[in-house]
Amino acid sequence: MDYRKCAQEIYDLVGKRDNLVSAAHCATRLRLVTNDNSKVNIKKLEDVDGVKGVFSSNGQLQIILGTGTVNKVYDEFLSISGMTAATKADVKAAAAAKQPLPFRMVKALGDVFVPILPAIVAAGLLMGILNGLVLIWPDLEKSSTYEILSMFSNAAFTFLPIIVAVSAARVFGGNIFLGAVIGMIMVHPSLLNAWNVAAELEAGHQIPQADVWFGLYKINMTGYQGHVIPVIISVWFMCFLEKRLHKIVPEMIDLFVTPLVTVLVTGYLTLTIFGPVFAQLEEWVLVGIQWIIKIPYGIGAAIAGAVYPLTVVCGIHHMYNTVEARMLSVPGGYNTWMPIASSANFAQGAACFAVAVKSKDKKFKSLAMPSSFSAFLGITEPAIFGVNLRLMKPLICGMIGGAVGAAVGSMLGIGATAYGVTGLFGFLTASDFIWQYAIMLAVSFVISFTLSFILHKDKPKEEEAEEAPELPEITCEKGKVYAPIKGNVIASAQIPDETFAAGVLGEGVGIEPELGVVYAPFDGEISSTTDTKHAIGISSPDGLELLIHVGVNTVAMNGDGFELFVAEGDTVKAGQKLMTFDIDKIKAAGYSTTTAVLVTNSDDYAGLDIAEGGCSPLDCVITVKE
């Protein structure tokens with residue numbers, strides 16, 4: 001085919017350069033991010049010679065071209081468009097920027113808070129340890145050592161706006177030191193410390209005020225200790241203003257003018273508009289959430305505990321850090337959200353642990369056991385994505401146990417001195433509620449473990465996979481494709497991917513692997529490999545072209561868990577090892593391991609004879625009809 005003609009037509013039909021954000025490719029697809037999808041003529045794109053299908057997914061326009069072809073069309077596309085090659089990570093980031101505003105806002109919150117968690121965790125754990133030591137040794141509280149360590153433990157919370165401002169500036173692409181200045185302005189000693197406002201009012205003192213905007217209204221001259229949302233909004237505006245100024249201010253004076261104007265304008269708007277408005281909104285949100293979790297008899301906490309794992313699945317659970325930080329901003333205040341999250345996490349770990357105990361599948365047991373221990377320490381993604389969500393029943397059992405545990409925790413009045421720590425480590429931050437916290441975790445564990453243990457049943461399992469066999473040489477017959485992987489062979493229509501199932505890339509089979517080893521299915525030449533190592537193209541001397549694509553959407557793993565033993569252009573013999581892949585790692589990442597084995601030029605043949613059922617790499621699974 002004429003690769004340049006194909007690339008030119010695609011370029012024209014997607015709206016040309018003005019409508020393109022980034023471009024990359026995987027083993028079979030050209031992946032584009034556009035400014036406006038309405039400018040893309042999808043119907044005509046599907047008619048372009050060489051294009052086998054078009055669809056949109058996760059903000060990306062994916063144009064299916066097939067193995068080998070996509071590389072050549074991509075090179076021509078870059079030449080025509082003048083764009084530079086982007087990685088799949090770049091395209092993913094660009095696509096994320098095109099997501100709806102609520103999703104981007106939640107993601108931004110997570111991006112701001114995740115990097116600062118170590119600082120908060122360190123401070124919170126130290127605070128918990130000190131509280132525990134004081135219970136054992138009351139006189140410690142009168143010592144200079146306690147005074148010094150107490151200063152260490154509350155430093156991160158005292159200057160939280162500065163830490164948040166630096167992280168937010170990094171996320172929004174601004175100067176992190178200018179971001180730090182905005183954070184410092186918000187907790188400047190000239191402002192009344194926010195934690196002292198209540199005491200000043202009780203003493204009958206007036207809160208200092210200032211006229212702003214030429215006397216239009218007055219603001220309280222109070223700091224923003226413990227606040228989060230006003231800081232993030234202010235730094236977002238700062239970054240926006242700074243980047244705009246860099247574009248319009250002449251280079252000769254940019255170094256002086258841009259920082260000056262950025263700090264002056266942002267600082268004034270922060271103290272007069274952003275701070276007062278968003279601090280009040282933040283207060284209302286906090287009051288609302290606290291009202292929900294304080295619904296009598298633990299009902300509100302139970303709802304939150306049940307829903308929490310679903311927010312982990314959606315990747316939006318980091319938004320709770322905002323709520324927790326605000327709870328801790330009140331002098332002497334406790335983080336009452338932590339026990340809810342801890343109960344939910346511990347319950348998911350217990351449900352996963354029940355599967356590990358009951359399952360007779362050694363490979364699945366080896367995945368579930370460490371995943372459950374990770375959840376007990378507060379990291380639930382391996383348990384949720386690797387086990388519970390796949391089996392579904394353990395996920396539901398964990399949600400039930402988490403709901404009951406959270407309700408118990410609420411009724412016992414548990415609170416923590418930090419956030420970012422749950423599970424067994426939570427004892428350190430809930431040191432004032434040791435036995436209550438233990439009861440809550442015990443309730444969560446027992447209910448989740450019991451329900452999951454009762455309901456879990458191993459799927460009817462084929463015999464356990466043995467070690468990768470040493471394969472004898474195979475006498476290849478023309479037009480025959482041997483199974484490249486040991487496993488269960490299914491029709492291509494059953495592959496859990498629309499493109500593969502529809503035969504867009506060619507007819508063939510799917511294989512549900514038992515062993516993570518890919519062998520050459522016939523004598524031939526490696527026609528293509530991918531940077532992410534998950535797909536291989538191979539051509540036979542008589543013209544048969546085959547794609548071996550391990551897993552579904554495994555391109556997103558960026559090669560993690562895959563190892564290639566061949567390169568493009570290598571000559572291989574049937575039965576030769578081409579690749580290894582980690583089945584458990586693919587499953588833990590939430591992807592299907594079903595491997596597509598497709599004859600990409602199946603249109604050149606009268607048909608294919610497909611063998612289904614269990615197979616070893618010596619078995620013929622596809623025979624082409626001339």
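Hydrogens, waters and symmetry mates are skipped; everything else that's a heavy atom, side chains included, is used. Here, residue 1 is the first one in the sequence, and each next residue gets the next number.
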Visitor: Should M557 and I586 count as side-chain neighbours, where that means a heavy-atom distance under 4.5 Å?
Guide: yes
Visitor: Work out which heavy atom in A279 is nearest to a heavy atom in Y224; give both atom names and the distance.
Guide: CB-CE2, 3.9 Å
Visitor: Looking at the rings of F240 and F172, which for Trp means the six-membered one, are their centres under 6.0 Å apart?
Guide: no
Visitor: Between E141 and Y146, is there a donor-acceptor pair closer than 3.5 Å when you use the side chain of the first and the backbone of the second?
Guide: no
Visitor: Output the distance between atom OG1 (T530) and atom CG (N71), rounded to the nearest 0.5 Å.
Guide: 9.5 Å
Visitor: Can you give me the closest heavy-atom contact between L20 and S81, atom names plus distance?
Guide: CD1-CB, 4.5 Å
Visitor: Decide whether T532 and N558 meet the rule of one side-chain donor and one side-chain acceptor closer than 3.5 Å.
Guide: no
Visitor: Indicate the ring-plane relationship of F376 and F346, choosing parallel, tilted or perpendicular according to the 30° and 60° boundaries.
Guide: tilted
Visitor: Verify, without hydrogens or angle tests, whether T429 (side chain) and G426 (backbone) share a donor-acceptor contact under 3.5 angstrom.
Guide: yes
Visitor: Not counting sequence neighbours, which residues clear side chain to side chain donor-acceptor pair (under 3.5 Å) with E76? List them please.
Guide: R4
Visitor: If you count heavy atoms of other groups shown closer than 6.0 angstrom to CZ of R244, is the number above 12?
Guide: no
Visitor: Let me know which of V164, V187, T270 forms a side-chain contact (heavy atoms from CB on, under 4.5 Å) with V231.
Guide: V164
Visitor: When you compare the side chain of L32 with that of F77, does any pair of heavy atoms fall below 4.5 Å?
Guide: yes
Visitor: Does V263 offer a backbone N or O that forms a donor-acceptor pair with the side chain of T266 under 3.5 Å?
Guide: no
Visitor: Show the atom names and distances, to 0.1 Å, of all donor-acceptor pairs under 3.5 Å that link a side chain in residues 176-183 to residues at least two apart or in another chain.
Guide:
none

Visitor: Is it the case that the side chain of R170 and the backbone of G173 share a donor-acceptor pair, with hydrogens and angles ignored and the cut-off at 3.5 Å?
Guide: no
Visitor: Under 6.0 Å between the ring centres of F274 and W236?
Guide: no
Visitor: How long is the span from the CG atom in L241 to the NE2 atom in H246, to the nearest 0.5 Å?
Guide: 9.5 Å
Visitor: Working to the nearest 0.5 angstrom, can you tell me the gap between L216 CG and T272 OG1?
Guide: 10.0 Å
Visitor: Would you please classify the geometry between the Y437 ring and the F427 ring as parallel, tilted or perpendicular, with 30° and 60° separating the classes?
Guide: perpendicular
Visitor: Cut-off 3.5 Å, side chains only: do T422 and S342 have a donor facing an acceptor?
Guide: no
Visitor: Strictly distance-based, threshold 3.5 Å: is any side-chain N or O of T262 a donor or acceptor partner for the main-chain N or O of T258?
Guide: yes
Visitor: Fit a plane to each ring of F562 and H534, take the angle between them on a 0 to 90° scale, and name the class: parallel (under 30°), tilted (30 to 60°) or perpendicular (over 60°).
Guide: perpendicular
Visitor: Can you find a side-chain donor-acceptor pair between Y334 and D432 that sits under 3.5 Å?
Guide: yes
Visitor: Can you sort out the partners of K585 under salt bridge (charged side-chain N to carboxylate O under 4.0 Å, His left out), two or more places apart, ordered by chain and number?
Guide: D560
Visitor: So, does Q348 use its side chain to make a donor-acceptor pair with the main chain of L395 at under 3.5 Å?
Guide: yes
Visitor: Checking the side chain of N19 only, and the main-chain atoms of V40 only, is there a donor and an acceptor separated by less than 3.5 Å?
Guide: no
Visitor: Between N335 and M338, is the side-chain contact (heavy atoms from CB on, under 4.5 Å) condition met? List the steps.
Guide: CA-CA 6 Å; N335 173 8; M338 184 281 262; 3.4 Å; yes
Visitor: Scan side-chain atoms only and decide if S38 and D36 contain a donor-acceptor pair under the 3.5 Å cut-off.
Guide: yes
Visitor: Between atom NE2 of H188 and atom CE of M221, what is the distance when rounded to the nearest 0.5 Å?
Guide: 10.0 Å
Visitor: For V21 versus T34, what's the shortest heavy-atom pair and its separation?
Guide: CG2-C, 3.9 Å
